[in-house]
There are 2 protein chains.
Amino acid sequence: MAYRQTDKVSARLADTRRSILDAARDLVSEGGFAAAQVSEVARRAGVATGTIYRYFSSKEELCRQIFREVSSQEMGLLATIASGDEPARTRLVKVLRTFAGRAVKGRRLAYALLAEPVDANLAEERAFFRRTHAEIFSRILEDGIEAGELPPMNAKIAAACIAGAIPTALIGPLAPQSQDLDKDPERIVDEIVAFCLAGVGVAQPDRKARKIERRATV
Amino acid sequence: MAYRQTDKVSARLADTRRSILDAARDLVSEGGFAAAQVSEVARRAGVATGTIYRYFSSKEELCRQIFREVSSQEMGLLATIASGDEPARTRLVKVLRTFAGRAVKGRRLAYALLAEPVDANLAEERAFFRRTHAEIFSRILEDGIEAGELPPMNAKIAAACIAGAIPTALIGPLAPQSQDLDKDPERIVDEIVAFCLAGVGVAQPDRKARKIERRATV
DNA sequence: TCAAGAAATGAACCATGGTTCACGCCCCCC
DNA sequence: GGGGGGCGTGAACCATGGTTCATTTCTTGA
């Protein structure tokens with residue numbers, strides 16, 4: 001025996017792994033998963049193509065990691081708001097505004113996570129991500145129905161509608177022009193959230209009330 | 001000069017073209033665009049692979065044709081309802097129920113048209129399709145707002161929300177189990193349409209009224 | 001310093017699936 | 001019926017992009 005991994009080395013390995021993940025994530029948030037070609041990731045991370053395969057068994061696994069890292073961060077944010085002890089309607093407004101607001105800010109990334117064409121394996125990961133969204137929405141709705149804050153409805157279906165409406169109205173061919181989104185994102189987010197709230201039977205607050213609630217979100 | 005295309009020949013050519021298109025469309029509605037590989041289309045149509053290229057300059061063009069044929073049929077259906085002279089709210093209900101109803105019935109095809117990963121060129125075609133949908137919705141909404149049947153809102157954004165909510169709630173990972181959709185499609189369609197109507201400020205009709213309107217849709 | 005083994009390398013490899021093309025056949029007109 | 005095409009064929013070709021692996025370059029303990 002003449003070689004055993006020392007701390008210094010394993011730290012360097014961890015660094016390399018990290019820099020590969022970072023490179024991949026950057027590429028994804030710039031140009032979607034399509035831009036994250038193995039050789040390009042390697043170039044960015046400053047390693048050889050083959051090196052990627054010492055850290056990830058396949059491109060698919062690398063992409064999956066990226067997906068998990070990014071999406072779990074987003075979901076954590078929403079889950080925290082959702083599990084607060086405020087009234088359901090308040091939590092609902094905050095969650096929707098946060099979801100929409102973050103999608104606007106990180107449009108390219110949101111596109112990659114929610115809408116970009118990906119292959120079957122990544123699609124699974126995405127399905128999980130979206131289902132978690134829907135579950136967060138639907139749990140709040142159920143709370144609200146139980147508490148009499150919201151009218152009775154099929155919460156799962158309403159949640160799916162919300163999870164479809166918000167990204168569609170913000171990303172992709174039905175979204176407003178990108179420049180308009182940058183110019184006045186709040187107005188557009190307001191409008192979309194208003195649609196969803198009305199959809200689940202929340203009477204619209206007037207503009208002044210809206211402004212107050214707005215402060216409470218990311 | 002010793003050859004000029006005769007009627008018999010051009011009829012045969014048209015037939016072949018048609019059978020290629022049919023084969024491709026069948027494959028798409030069975031397994032999405034992914035299943036429509038050139039060699040497979042050729043096999044189904046009973047011609048050689050190379051023959052496809054005597055009728056279509058590329059696979060992309062073939063797919064585009066399929067897309068147009070199928071989607072223009074769907075859009076025509078909606079456009080007809082939309083341009084009727086009934087009150088905006090009635091037209092809206094009919095259009096939404098038709099859109100949702102057809103998506104449920106032809107789920108695989110709807111998936112291919114609306115959600116399946118496709119490459120950039122087909123994505124353009126899809127964008128057109130979806131924009132047309134949104135335009136149909138938004139025109140009705142504008143009519144309704146103008147007539148005082150609907151509250152003021154940004155019709156374009158609301159239309160995008162609708163165009164996102166309905167497919168998301170019916171197709172893909174957030175849709176109910178396929179067997180549940182088959183068991184009682186109407187109930188689910190009702191629920192989704194109710195969400196969208198509420199979203200644009202239409203007070204919910206009670207169940208009896210709904211049943212009457214239901215008869216009026218495809 | 002040296003041997004043993006891990007880590008890194010990147011050019012070659014391979015799988016997939018669209019596209020081409022040299023050839024044979026059929027159709028038209030003289 | 002013969003010649004000048006267009007039409008049909010399908011095996012070969014090619015482009016893309018992920019994956020491998022023989023080789024080289026560290027690292028480590030003796």
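Just so we're on the same page: letters track the sequence lines, and every chain starts at 1.
Rounded to a whole Å, the CZ atom of B:Arg43 is 18 Å from the C1' atom of D:dG8. Atom-to-atom, CG of A:Asp119 to P of D:dG18 comes out at 10 Å; the value is rounded to the nearest Å. D:dT25 atom C1' lies 12 Å from atom CZ of A:Arg54, rounded to whole Å. If you take CD1 of B:Ile52 and P of D:dT9, they are 10 Å apart, rounded to a whole angstrom. If you take CZ of A:Arg17 and P of C:dA8, they are 13 Å apart, rounded to a whole angstrom. Rounding to whole angstrom units, CD of residue A:Glu61 and P of D:dT19 are separated by 11 Å. Put simply, OH on A:Tyr53 is 13 Å from C1' on C:dC13, counting in whole angstrom units. To the nearest angstrom, P of C:dG17 lies 16 Å from CG of B:Leu62.
Residue B:Phe56 is out of contact with every strand shown, counting any heavy-atom pair closer than 4.0 Å. Within the 4.0 angstrom heavy-atom criterion, no nucleotide atom of any strand lies near A:Ser39.
Taking 4.0 angstrom as the limit, B:Arg12 places a side-chain polar atom (N or O) nearer than this to OP1 or OP2 of D:dG8. Distances shorter than 4.0 Å separate none of the side-chain N or O atoms of A:Tyr55 from OP1 or OP2 on C:dA7.
Set against C:dT9, D:dG18, D:dT9, the side chain of A:Thr51 has C:dT9 as its closest nucleotide. Of the candidate nucleotides D:dT19, C:dG18, D:dG8, C:dG18 has the atom lying nearest to any side-chain atom of B:Val38. For A:Lys59, the listed nucleotide lying nearest its side chain is D:dG18; candidates were C:dT19, D:dG18, C:dA8. Comparing atom distances between the A:Thr16 side chain and each of C:dA8, C:dT19, D:dT19 picks out C:dA8 as nearest.
More than 12 heavy-atom neighbours from other residues, nucleotides or ligands sit within 6.0 angstrom of CZ on A:Arg17. Counting heavy-atom neighbours within 6.0 Å of A:Tyr55 OH, excluding the residue itself, gives a total above 12.
In this structure, CD1 in B:Ile20 is found 11.0 Å from CZ in B:Arg54, a value given to the nearest 0.5 Å.
Put simply, the side chain of A:Lys156 never gets that close to the backbone of A:Ala134: no donor and acceptor are under 3.5 Å apart.
A salt bridge is absent between B:Arg187 and B:Asp180; no separation between the charged side-chain nitrogens and carboxylate oxygens falls under 4.0 Å.
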